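From a predicted model like this one, the values you see are computed outputs, not experimental measurements.
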Amino acid sequence: MDNQQPKKKVLSCIQPTGTPTLGNYFGALKNWKLMGEECDAAFAVADLHAITVRQDPKEFKKQIMQMYALLLALGLDEQNNIVFVQSHVPEHSQLAWILNCYTQFGEMSRMTQFKDKSIKHADNVNVGLFSYPVLMAADILLYKADYVPVGVDQKQHLEITRDIAERFNGIYGNVFTVPEPYIGKKGAKITSLQDPTKKMSKSDTNTKSFISILDKPETIVKKMKSAVTDSEACVRFDEENKPGVSNLMTIYSCCTGASFEEIENEFASKGYGDFKQKVGEAVVEELRPVQQEMERIMKDEKYIKERMAQNAEIASRIAHRTLEKVMKKIGYVQI
Ligand code: TRP
């Protein structure tokens, strides 16, 4: 007899600010694809979150289109998964307001990202920046996600989501699914090519320190060739003493599936020049299908908008059901 369990639900969102790096790709996006194959998944472009920092209108629109196209190019909407734009589903803002009233000022003041960002953007410490995690809670709770893949920087926000959900359930009965964090598999942490003790970041002022998913093949190889290593001239995994080489080995392993031992053997009698060249080529091959698909999709704005509209409708149907239930529990008059 088959006892098919219903698929677990996952949700994650990405802000449309800047092109993701190779670090974002191996740390998050590639795992999203795998999760989408096993779970019932929803992925969104978090464009409402993005305005907590001032955006240039023209550039912002371009970024939203591009990020959405990228999610399609990665095939995230295959197998009945949905890929949508947050601002196309008004229930996110509606639930966020409601949840604001079930969230304490004190608990939000403890959010480390808020503290960091208010220092970084001292001239624009807006209330949206403060209640940002509540909007994130709304994203997650609307879709009854069982799991949310998050990096360390978002873990605290997921914890507050759980607190808000439990608090609401405590008052009104079981309305929300309390989500669990999903921490990705090992080997996914990619560091800067110029300072391998730091995370690879798209906002780094030195563009040689990161590879953008859309970098041209020759740029990728060039950046790899100028990656910082060490003077031992031996391809060997040792994160503490050889962070640069270890980072390149991690990247190579992510691209080819080879183990560190296999990589050490492959390059046993070769210099760093050969090694870096090979890592560069492996990255180019890994990104080629995504880049080609992306190029194809970006040419067709009408197609992108059609997909946005179809997906928004499906997302809205799910979100609306949850919102209605919440409003009914609180005592709002249904018409
Ligand atoms: N805050 C997340 C980030 O910047 C993006 C995000 C918005 C998100 N809503 C979410 C992530 C819901 C997971 C679930 O990375």
### Query
Does the N24 side chain pair with the main chain of T21, one donor and one acceptor, at a distance under 3.5 Å?
yes
### Message
Between K33 and E37, does the salt bridge (Lys or Arg N to Asp or Glu O under 4.0 Å) criterion hold? Intermediate values first, please.
### Response
CA-CA 7 Å; K33 175 78 177 134; E37 283 159 15; 3.7 Å; yes
### Query
Salt bridge or not for K305 and E301, using N-O below 4.0 Å?
yes
### Message
Would a single hydrophobic cluster contain both L11 and L48, if residues Ile, Leu, Val, Met, Phe, Trp and Tyr are joined by side-chain heavy-atom contacts under 4.5 Å?
### Response
no
### Query
Is there a donor-acceptor pair closer than 3.5 Å between any side-chain N or O of Q15 and the backbone N or O of A46?
no
### Side chains of E91 and H320, donor plus acceptor under 3.5 Å
yes
### Query
Honestly curious: do F43 and I14 fall in one hydrophobic cluster under the side-chain, below-4.5 Å linking rule?
yes
### Task
Look at atom NZ of K328 and say whether more than 12 heavy atoms of other residues, nucleotides or ligands are closer to it than 6.0 Å.
no
### Task
May I ask you to decide if the ring planes of Y182 and Y147 are parallel, tilted or perpendicular, using 30° and 60° as cut-offs?
perpendicular
### Task
Would you please say whether a donor-acceptor pair under 3.5 Å links the side chains of N126 and N124?
yes
### Message
Do the side chains of R162 and E159 get close enough for a salt bridge, i.e. N-O under 4.0 angstrom?
### Response
no
### Query
Where the side chain of S246 meets the backbone of D238, is there a donor-acceptor pair that is under 3.5 Å apart?
yes
### K225 (side chain) donor-acceptor with G273 (main chain) under 3.5 angstrom
no
### Query
Would a hydrophobic clustering, with Ile, Leu, Val, Met, Phe, Trp and Tyr connected at side-chain separations under 4.5 Å, put V326 with V89?
yes
### Same apolar cluster: V228 and V235, side chain cutoff 4.5 Å
no
### Task
Evaluate the criterion side chain to side chain contact (heavy atoms under 4.5 Å, CB included) for residue pair Y272 and D230; output intermediate values, then yes/no.
CA-CA 9 Å; Y272 286 164; D230 53 62; 2.6 Å; yes
### Query
Are T17 and Q63 close enough that a side-chain donor and a side-chain acceptor fall under 3.5 Å?
no
### Query
Salt bridge or not for E38 and K7, using N-O below 4.0 Å?
no
### Query
Has the side chain of S192 got a donor or acceptor atom that lies under 3.5 Å from a matching backbone atom of M200?
no
### Query
Quick one: does T52's side chain have a donor or acceptor within less than 3.5 Å of a partner on L129's backbone?
no
### Message
Between K278 and E281, does any NZ, NE, NH1 or NH2 come within less than 4.0 Å of an OD or OE carboxylate oxygen?
### Response
no
### Message
Using a strict threshold of under 4.0 Å (side-chain N to carboxylate O), is an ion pair present between K223 and D215?
### Response
yes
### Query
F210 versus I190: any side-chain heavy-atom pair under 4.5 Å?
no
### Task
Verify the ring-centre separation between Y252 and F260: is it less than 6.0 angstrom?
no
### Task
I would like to know whether E180 and L158 meet side chain to side chain contact (heavy atoms under 4.5 Å, CB included); could you show each step before the answer?
CA-CA 8 Å; E180 305 273 346; L158 189 64; over 6 Å; no
#### Entry: Check: F84 ring centroid to H92 ring centroid under 6.0 Å
yes
### Query
Does E286 come within less than 4.0 Å of K30, counting only side-chain N to carboxylate O?
yes
### Query
Is there a donor-acceptor contact under 3.5 Å from the side chain of S131 to the main chain of V134?
no
### Charged N-O contact under 4.0 Å between E239 and K189
no
### Query
Relative to F275, does K270 satisfy both conditions: NZ or CZ under 6.0 angstrom from the six-membered ring centre, and within 45 degrees of the ring's axis?
no
### Task
Please work out which of the three classes, parallel, tilted or perpendicular, describes the rings of F130 and F105, given edges at 30° and 60°.
tilted
